[in-house]
Amino acid sequence: MTTSQLMLGAAAAALALMAALPSPAPAQAHVPDRRHLTSVSVEALQRTYLECDRVATHTLLDLGSAAHCSMVGEELKHRVFGGDFERLIAWWRANKWGGAEAVSDSQLLDRGADVR
């Protein structure tokens, strides 16, 4: 396994962990609102998830981008994989190299408007 593959896996795991772990914030912490993602196509969610993963392997995501990517991952997990994280990861592993088109980091952020 190459270093870039390890970094990609680590970035995906970090994004998934952010989404899966409870927040250490107070009991009345703000829960992210994903309602705006319910009208986004599955294909757009999948493409954005893979693009988020690719960008996160090359640069540190700012807080807003990381939160957006996490919400996309959660929406994808619930809508397509019935909330099963292992199924999401299996899909990611099968699609991470060939499923995402090569785009620049700035294009990802521009495209993010499509799924925000």
Without placing hydrogens or testing angles, list every side-chain donor-acceptor pair under 3.5 Å for residues 78-87, not counting sequence neighbours.
residue : atom : partner : partner atom : Å
His78   : NE2  : Glu74   : OE1          : 3.2
Arg79   : NE   : Glu75   : OE2          : 3.4
Arg79   : NH1  : Val40   : O            : 2.6
Arg79   : NH2  : Leu37   : O            : 2.6
Arg79   : NH2  : Thr38   : O            : 3.4
Arg79   : NH2  : Val40   : O            : 3.1
Arg79   : NH2  : Glu75   : OE2          : 3.3
Asp84   : OD1  : Glu86   : N            : 2.9
Asp84   : OD1  : Arg87   : N            : 3.2
Arg87   : NH1  : Phe81   : O            : 3.2

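One finds the NE2 atom of His36 at 4.5 Å from the CE atom of Met71 (value rounded to the nearest 0.5 Å). For the atom pair CZ (Arg47) and CG (Leu76), the distance works out to 12.0 Å, reported to the nearest 0.5 Å.
Between the side chain of Asn95 and the backbone N or O of Trp91, at least one donor-acceptor pair lies under 3.5 Å. No donor-acceptor pair under 3.5 Å is formed between the side chain of Thr48 and the backbone N or O of Leu45.
Proximity of Cys52 to Val72: side-chain heavy atoms (C-beta onward) are nowhere separated by under 4.5 Å.
Shown here for Leu61 and Ala56, the closest heavy-atom pair between the two residues is CD1-CB, 4.0 Å.
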